[in-house]
Every structure is written in C-alpha cells, then in structure tokens.
Amino acid sequence: MSRLVVVSNRVATPTETKGSAGGLAVAVFGALKDMGGVWFGWSGDVVSEAVANAGPNLEVDGAVTFATVGLPRRDYDQYYRGFSNAMLWPVFHYRNDLAVYERDEYAGYRRVNAWLAHKLIKLLEPDDIVWVHDYHLIPFAEALRQQGVGNRLGFFLHIPFPSPQILLNVPPHEELVKSLCCYDLLGFQTATDQTAFHDYIVRHVRGTVGPGGQVEAFGRTLRTGVYRIGVFPDEIAEQAERYESRQHVLELKESLEGRKLIMSVDRLDYSKGLVERFRAFEQLLEKAPEWRGNVTLVQIAPPTRSDVDTYQQIRQHLEYEAGRINGRYSGLDYTAIRYLNQRYDRLKLMSLFRESQVGFVTPLRDGMNLVAKEYVAAQNPDDPGVLVLSCFAGAADELTSALLVNPHDITGMSEALQRALSMPLAERKRRHQASMAVLRENNLGVWRDAFLADLRGVPPISEPAPQP
Ligand code: F6P
C-alpha cells in the first residue's frame with residue numbers, strides 16, 4: 001500500500017502522540033503508525049533563516065518520521081500570525097469585523113506554502129499519498145503541482161467553510177478557491193460547509209458540481225466530500241473512569257462541597273462564545289436564586305495566538321466579565337466562575353468531564369468541536385451529565401440529543417442550563433445513549449479511513465496546475 005504523508009501547520013511530538021495529544025493528532029498518528037509514513041510541518045519554533053533553511057529536522061519513531069521545520073520571524077508573522085490567523089480564521093468563523101488584510105501578509109502566506117512544499121518534495125516518493133490539513137495550507141497543493149508533483153493530494157478543512165457572501169470579504173478569495181482546486185479531494189466537516197464551497201464554485205467561477213460532489217473548475221476535476229471528525233468514545237470512557245479516583249479529581253470534588261458543576265473547555269478564542277456563555281451563567285444565577293452558591297462554572301481556557309490583537313482583546317474582555325460576575329455572585333466560601341487560563345492534560349480533562357453535571361459548549365461558529373464529543377464520551381452511563389451545545393458547532397448535526405442552543409440567545413442558554421441541571425436521570429440516560437450511538441458510528445477511525453479510501457480512489461494525476 002502507498003505510504004501516507006501528512007502535512008499540517010503544527011506537528012505533534014512523538015511524546016505527545018503517546019499521551020496528551022488531541023483528536024487530530026490521535027487520528028493522524030494512528031493512520032501513520034499502521035501504514036508507515038511521514039508527518040511534516042512547522043515545529044512551532046521561530047528560528048533564524050539559516051536554521052530554517054537547514055531543515056527539515058527528522059525524528060523517527062517506529063514506522064513514522066516526524067519532519068519539522070522552524071519558521072523565521074517574518075514568515076511566522078506573515079503566514080501564521082498574519083494571513084492565517086488575523087484574516088482567514090476570523091472570516092471563516094463569520095467575524096469579518098475582526099479581519100485584518102495586509103497584502104504583504106498574503107504574499108508571505110503563499111511564499112511560506114511554496115517554501116514548505118519545496119521542503120517536502122525532497123522527502124516525497126512517487127506513489128505517496130499526501131493528506132494536507134487546514135486553512136494554513138490552502139495553496140500547498142498548487143505549489144507542489146507547480147513543482148511537478150503528480151501524487152494524489154487530499155485536503156481536509158477543520159474549520160467552517162463560509163458561505164460565498166462571507167468569503168468575498170477575503171480580497172484574494174478567487175485565488176484561494178483556485179488553489180483549493182489543485183487538490184484531488186477536498187474534505188469538509190459538514191454538509192453546510194461543502195454546500196458553501198459548491199455555491200461559490202457555481203456562482204462565482206462558473207464551475208460545475210456533479211454527482212458525488214465532483215467539482216469541475218479552473219480546468220480541473222476534483223472530488224469533495226463530508227467527513228465528520230470524531231473521537232474514539234469507548235477509549236475516552238475507559239480513560240475517564242480510570243482517572244476518576246486520581247488526586248486532581250478528588251481535590252475538585254472536595255472543593256465543590258456537593259455543589260453541581262458545569263464544565264467548559266476551549267482555546268481562548270473569540271469564536272468560542274465565551275463572553276455570551278459567562279453572561280448566560282450569570283443570568284441563571286440572577287433568575288434562579290436557588291442555584292446561587294449551589295452551582296459552579298469551571299471554564300478552562302488556555303490562551304493561544306496571544307500575539308494577535310483580537311486574542312488580547314477577548315482575553316481582557318473575559319477577565320473583566322469573570323471578575324464582574326464573581327464580584328456579584330461569589331461568597332466568602334464560594335466562587336461562581338472558576339476561570340483558568342491554563343492548559344490541562346487531556347486525560348485529566350476527561351475525568352473532570354465525568355464529574356460534572358453539565359458540559360457547556362457554545363461556540364459562535366465551530367468546524368466540529370471535539371470537546372462536545374469528548375464530554376459525552378467521558379460520562380458515567382449510569383449517571384450521565386447533560387451536554388448543552390451550540391447549534392453553530394459542526395457537532396450539532398450529529399449530537400441532536402444534546403440540548404441545542406443559539407449562543408446569541410443568552411436567556412435561551414440560561415434556560416437550557418436550568419433544564420440540564422434539573423433533568424431527571426431517565427431522560428439523561430436516554431440522551432446519553434443516543435449520543436454515544438452516534439459517536440460510535442462516526443468514530444475517529446471512520447473519519448480517517450473514509451477520507452483515505454476516497455483519496456486512494458482518485459485516479460493519479462495528470463493535469464498541470466491551472467495557469468495564473
Ligand atoms: O482547529 C483549528 C486549528 O487551527 C488547528 O489547525 C490547530 O491545530 C488548532 O486549531 C490550534 O491552533 P494553533 O496551532 O494556532 O494554536
């Protein structure tokens with residue numbers, strides 16, 4: 001079988017793949033381990049030009065080669081902090097108001113993609129299949145094609161694909177879509193994302209969409225499909241149970257003194273709806289005084305991308321809200337919101353989810369949101385907690401047994417919290433069983449295998465890259 005080459009902006013370390021890695025790393029590493037292959041991308045380090053050019057740095061672990069490069073400061077600023085995270089990320093999450101477009105950052109984004117492609121080519125074998133992940137790497141296939149690569153190239157978008165009217169806000173939208181068309185297979189998280197891409201193809205570049213999601217545009221033919229990323233729910237359940245009696249869980253339980261617990265875990269990102277979530281919790285305490293002093297919200301929000309202005313602003317805003325609400329409702333022996341800007345080990349988190357009565361996951365937009373799936377999987381089936389989930393998370397398409405809320409409706413969310421906290425055991429069990437059945441059916445292995453089977457099914461290439 002052909003070798004798999006995975007390309008993503010960040011590459012997990014061999015140690016991370018064995019313990020605390022998240023869903024994507026678990027899935028990708030599982031496939032690489034089975035098939036043998038290469039995982040290529042940025043090391044996460046900012047380095048001198050000389051060090052960057054000397055890379056990639058290779059680390060072999062079993063059948064897997066981890067190949068990483070550092071980025072010089074200017075590349076990091078333009079490609080990662082700039083165009084990827086100050087332009088594409090906000091627009092793809094429907095926050096045009098937060099987007100900042102700089103031509104030189106876009107040029108840097110394309111330049112880094114071409115440079116990364118050039119680095120990868122030296123490691124590529126003719127029948128490797130290449131699976132590229134996420135919005136940082138939209139032009140990657142085009143760069144490979146321009147350098148003569150004919151391998152099968154697949155791309156999976158982990159974040160939403162915006163509707164065409166939103167995408168038009170990215171000045172080089174057509175170039176980006178043309179670049180996407182250099183892949184052989186494009187994978188989306190939901191049918192909504194796939195449809196948005198098709199709409200753009202049909203309305204804006206007069207391409208066609210045929211049966212099975214086949215797209216013809218810019219002189220190329222490619223396939224598109226929906227592949228819902230999942231988790232391995234039974235492994236999570238087992239891990240959560242195994243960690244149940246560990247020190248950190250016992251300490252949490254003791255500190256709660258019998259109070260109910262609402263848990264939320266997100267990267268500190270404005271797309272996660274954290275301010276609205278805090279206000280919904282505040283409204284619960286305001287309108288249902290019986291919960292004052294009797295329920296705690298634990299929000300774990302490790303900071304990311306903290307050199308992007310909008311991330312500094314959301315952090316300040318949230319600190320203000322947490323302080324304000326705690327000032328109003330905490331007591332000498334009770335903190336209403338425990339707000340932690342720290343990263344927690346994933347296995348620890350699963351056991352904390354199991355202790356909580358409510359999982360509160362309310363992004364304003366999200367490609368999938370694996371925390372929602374992990375929360376369900378980590379529950380004790382004999383006494384499960386309730387998931388309150390945003391209808392704008394990709395996971396809402398599958399987890400229809402959760403309490404679905406609109407994250408802009410503060411009152412609706414506070415009512416859902418109230419309902420979740422008071423839900424009878426029989427109903428909680430029924431909802432949990434239904435959600436677990438979906439998670440098992442669409443588990444992480446299904447996502448990975450379906451995408452790779454479709455990519456293998458693509459006829460080897462052929463056509464040159466579309467001309468500029
Ligand atoms: O899920 C979107 C994503 O950008 C992934 O590609 C990435 O691994 C994750 O969020 C974390 O983002 P960052 O690498 O910018 O911290």
Side-chain angles (χ1 to χ4, degrees), residues 236-266 274 277-301 321-342 344-345 347-362 371-372 374-389 402-403 405 413-433 435:
I236 291 177
E238 188 264 317
Q239 287 160 351
E241 191 178 359
R242 191 149 40 90
Y243 271 61
E244 208 170 27
S245 50
R246 300 274 168 106
Q247 189 64 19
H248 63 275
V249 179
L250 300 178
E251 278 170 12
L252 173 71
K253 265 180 160 168
E254 197 187 334
S255 74
L256 286 169
E257 296 174 322
R259 295 180 184 104
K260 296 219 175 192
L261 173 62
I262 301 173
M263 277 286 304
S264 295
V265 178
D266 311 79
L274 299 169
R277 187 181 305 167
F278 280 12
R279 290 193 183 147
F281 181 69
E282 176 185 28
Q283 208 178 100
L284 170 79
L285 301 181
E286 189 179 298
K287 294 204 170 153
E290 68 275 19
W291 287 113
R292 290 180 203 164
N294 289 320
V295 61
T296 292
L297 168 63
V298 170
Q299 171 70 62
I300 297 178
E321 287 297 325
R324 186 182 63 74
I325 297 166
N326 276 335
R328 201 169 161 200
Y329 287 112
S330 295
L332 292 176
D333 59 349
Y334 163 67
T335 307
I337 300 179
R338 299 188 192 176
Y339 172 51
L340 311 174
N341 290 141
Q342 294 153 37
Y344 272 76
D345 180 90
L347 299 178
K348 268 191 188 170
L349 286 177
M350 299 308 125
S351 53
L352 300 181
F353 285 161
R354 196 176 170 94
E355 289 310 312
S356 65
Q357 286 68 44
V358 181
F360 199 17
V361 184
T362 54
V371 170
E374 289 169 342
Y375 180 81
V376 169
Q379 295 311 299
N380 175 353
D382 297 327
D383 185 17
V386 180
L387 176 65
V388 175
L389 177 63
L403 294 184
V405 292
M413 287 196 287
S414 81
E415 286 169 0
L417 284 180
Q418 166 89 291
R419 188 169 162 208
L421 287 165
S422 329
M423 190 178 282
L425 179 62
E427 185 179 350
R428 283 190 278 129
K429 279 185 168 177
R430 215 171 36 245
R431 288 174 182 271
H432 178 251
Q433 280 160 12
S435 294

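Because only heavy atoms are used, hydrogens play no part in the values below, and waters and symmetry mates are left out as well, while side chains stay in. Everything numeric in this text was worked out from a predicted model, so none of it was measured. Numbering starts at 1 and runs along the sequence shown.
Distance alone, capped at 3.5 Å, is enough to place a donor-acceptor pair between the R428 side chain and the P384 backbone. Listed for the R277 side chain is no donor-acceptor partner under 3.5 Å among the backbone atoms of V361. With hydrogens and angles ignored, the 3.5 Å screen pairs a side-chain donor or acceptor of Q379 with a backbone N or O of Y375. For Y334 (side chain) and V295 (main-chain N/O), a donor-acceptor pair under 3.5 Å exists by modelled atom type. At distances below 3.5 Å, not a single donor-acceptor pair connects side-chain atoms of S330 with backbone N or O atoms of G327. Not one N or O on the side chain of S414 forms a donor-acceptor pair closer than 3.5 Å with the backbone of Q283. A donor-acceptor pair is defined here as one N or O able to donate and one able to accept, closer than 3.5 Å; no such pair exists between the side chain of D266 and the backbone of A301. Listed for the N326 side chain is a donor-acceptor partner under 3.5 Å among the backbone atoms of I337.
Here the closest heavy-atom approach between residue L261 and residue V298 is recorded as CD1-CG2, 3.5 Å. Taking both residues in full, the closest heavy atoms of V376 and S435 are given as CG1-CB, 3.6 Å, listed atom of the first, atom of the second, then distance. Looking at every heavy atom in both residues, A416 comes nearest to V388 through CB-CG1, 4.0 Å. When every heavy atom of D382 is checked against every heavy atom of K429, the shortest pair comes out as O-CE, 3.5 Å.
Here the rule is side-chain hydrogen bond (donor to acceptor under 3.5 Å, both in side chains) with E251, and of H248, Q247, K253 only Q247 fits it.
Q299 and R338 share no donor-acceptor pair across their side chains, judged by distance under 3.5 Å alone.
Judged as a ring pair (Phe, Tyr, Trp, His ring centres under 6.0 Å), and not counting sequence neighbours, F281 has no contacts.
For the atom pair R328 CZ and R324 CZ, the distance stands at 6.5 Å (nearest 0.5 Å).
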